[in-house]
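I have placed the structure first, in the form of structure tokens, so that the comments after it can refer back to it.
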Amino acid sequence: MRFLRSRFLQAVIVLVVAFCVFRFGIRPPAPWSVIKLYMAVVALAVLVHISSDSDSWRDFLRPIRDTLTRPERRFVRAVLVVLIPVLLGYYAYSVAAARPEAPPQLRAIHPAPPPSLSFRGKEMNLQGLENPLRKDQASLARHAAAGGAIYIQNCFYCHGDNLDGKGHFAPAFNPPPANFEDPGTIAQLPEAYLFWRIAKGGPGLPRESTPWDSAMPAWEDRLTEEQIWQVIVYVYEATGQRPRRWQEH
Amino acid sequence: MKRHWRFARAWAGIMLLTAVALAVLLGAPVEAQDAAKEPAYRAFPLLGSRLAVWVIAQLHLDFAAFILGVPMFAVIIEIIGWKNRDARYDWLAHEFIKLVFAAFSATALFGALLLFVFIGFYPKFFAFMTNIFHTTYWIYALLFFGETFTIYLYYYGWDWLSGSRKWIHVTLGVLANIFGTAILFIADAWLTFMTSPAGIAETGALKGSVWAAVDNATWMPINVHRLIANIVFGGTIAAAYAAFRFLGAKTDEERARYDWMGYVGNFVAISAFIVLPFAGYWLGREIYAFDQTMGITMMGGFMSWLWIIQATLIGVLFIGSNYYLWLGMERIPGSERYRKYVPYMLIILAVGFMVWATPRSLIVTLEEARAMGGTHHPILGIFGVMSAKNTAVNLMILTTFLSYVLYRRANRLSIKPWVMAGMAVQWGAFFVAAAIVLFYGVYGYFVESIVRIGFSVYQVLAVLGAIALVMTIDIPMFRGARSTGEIRWGTIAPRSQYVLILLAVTFTWLMGLMGFARSGIRQHWHVYGVLRDTSVDAVTPALGYAANVITLVTAVFLALVMFIFWLGGLAEKGGTAHAPVPAPHIAGGSGEAH
């Protein structure tokens, strides 16, 4: 088992194990962009570990140096001289080869909203805007119920009856419909932001959010102002999320 | 030969200052002119005005950060040497100030250039700012004179004001820092006003006194953030300088000296760096509070990618500075006891790094998105949000601090009867702080966001509290401790020195990136919401372009710094250098601040 104590081998084992964990241990599979990032960090950490102590660094370098200089390793050397360029070549090929697939997306999911918007000709200032229906706590349940009806009529095809973004239309869209259960969507947004998104939909997004890709319809012409606020109340009620409040200052 | 140089440099400095003062005066008439006749913009030849002003401003800022940061710790080091009657510290402080002195003229030069670019190419903007801030210009110029002359006196008077007159010298050093900080605060007022204007009427004219414009929402957070970052920056650049000298050293003695200098520079940098993220949170919160749109542009919009790059850079800084400490342990007899902790600390740092760098919105191909059932990944998504990132960075800070504590005691054995209890409390403090950080990190997923933001404050307090408690025990515990051997300065592995250089490059780059973020969030405004950018450059550049510009600026800055330090080295060769001192041996349980 002496060779197991070789630093070089240990480093290789750690890298291979880490790769297997990231590639096969995460379900659903993690995207390649993330795996690459993680592997880079692991490689850095491994290098730091073996070189943070001179003995282990020497240990690590020894097999590399031996392979490069020892006459009896000539065969291994020859294999490497062929193998490394071939692998690099394959990598270059796999990067350059065209695939019938859209390139990965770099989409800003939550772009900055405009400071104000015009809703059916009415100017609305989004900064600090609150949901007017919340003033009257007594009828909030009624509004939530009305919002539920609006949701089932208009939204659930895409956003799903569980509000998890898995409606029956959803598989057709890229980007997929927002998942309201996810703590990264409505839970971190103020209600005014939702108002903007629902009123103006995908077409109202700024460039960095690829408005031409989003299937989210603009509801301005189909729902009234009150109806939009109602459906907003509903999505928060139904998911148990709370909207982000404006900071007092 | 040496005299010659000094005079040449002194003259260059004074000429530049005059140029700055003149330029300030020139600025005033612009406002008086009829605004209608004046073009709002002129185009900078070839580069375009935006690139010109960007590069020059960043270079000016890099130099300024350096010359403001270094004197802060140089004076402290001088005082330590003075109080302990230790000539080595005096040598070190002088060595640091020598660097500042060399970089002084470059700072003024780029400052003057920046001003010329504003006046020449952004006349309307400059007139607007002058209208509001003209009173501060005079104070700024006065302070600059004060700073220059105190620094000159401080540097040239080093030998003259020694011995019984040392206190005068130290006072000068402190004074120079006060001037420097005041200068920084005034300059910060201008640029924070551009982000979060205050105190003006709709027309852009001042409503009351200029103070209201100075004391705007982001002023204090930026002041504090920059003050700390300047120390980090000064420390890393000085450490990189020491690394160069170490690598080129001819004698063991020289190697020992520069090893020590690099260590101190890096130590200063890490200590300040540990608190930097907290200042960053504060700034971020103020920006959010000032304007939600701006906050979302910053964190959620196209800039969200910038934070991933930032996380990567900071991850490199954390791992790099710990690596340096671990490598440094090799030259400390007795440190073998602590080697066994290294893998665990490394694992925490690496996992923290991964969590921090996990993007909120992943880059996925359509195929991968299908497999994941959306762009949201149920597991990775957990790491994407603020709760996870705050937890990761706080644990990384704690770990770095632990590295430092172990390093500090590497060759010392406490002889106090209460060591066991003391150590137990220290370990307890570490674990309690880590537990609090983890608890609020996890709990953050179950509360609404406004509450969650408050949690980061508890996490920060837990970490700072642990640091304070551990140090209050550590200092008395190791006073008069038994030594297991002297630190063998100069025997550190040379690769550690490349780490120091890497840290300096990374931090310079990071400063450039954050400068871009700070200016970029204004989008198409010169002064947010008040003065619109109507130039051809009114678009916010893409991240890739910005990264190229930042790389360019970093390369130019480091090249200039190398050139300037080389010049400084020439002067050293010409005359007798500042009294050479024996190699440091600061270890040995005397418990000084190292």
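Order of the sequence lines sets the chain letters (A, B, ...), proteins ahead of strands, with each chain counted from 1.
Heavy atoms closer than 4.5 Å to chain B are found in the side chain of Trp57(A), but not in its backbone. Both the backbone and the side chain of Leu327(B) come within contact range of chain A, judged by heavy atoms closer than 4.5 Å. Contact annotation for Tyr236(A): neither backbone nor side-chain heavy atoms come within less than 4.5 Å of a heavy atom of chain B.
At a threshold of 4.5 Å between non-hydrogen side-chain atoms, the residues Arg495(B) and Ser54(A) count as touching. At least one side-chain heavy atom of His377(B) sits under 4.5 Å from a side-chain heavy atom of Ile26(A). No side-chain heavy atom of Asp53(A) sits less than 4.5 Å from a side-chain heavy atom of Trp326(B). Counting heavy atoms from C-beta on, the side chains of Met329(B) and Ser52(A) never come closer than 4.5 Å. Side-chain contact check for Met354(B) versus Leu37(A): every heavy-atom pair is 4.5 Å or farther apart.
Within the model, atoms OH of Tyr38(A) and CZ of Phe353(B) stand 11.5 Å from one another, a figure rounded to the nearest 0.5 Å. A distance of 9.5 Å separates OH of Tyr323(B) from CG of Leu44(A), quoted to the nearest 0.5 Å.
Counting non-hydrogen atoms of other residues, nucleotides and ligands closer than 6.0 Å to CZ of Arg65(A) gives a total of 12 or fewer. Within a 6.0 Å radius of OH in Tyr445(B), other residues, nucleotides and ligands contribute more than 12 heavy atoms.
Closest approach of Pro31(A) and Leu380(B) over heavy atoms only: CD-CD1, 3.8 Å.
Counting heavy-atom pairs closer than 4.5 Å to chain B, the top-ranked of the candidates Ser51(A), Ala30(A), Pro206(A) is Ser51(A).
For the side-chain contact (heavy atoms from CB on, under 4.5 Å) criterion with Val48(A), the lone passing option out of Val342(B), Leu349(B), Ile319(B) is Ile319(B).
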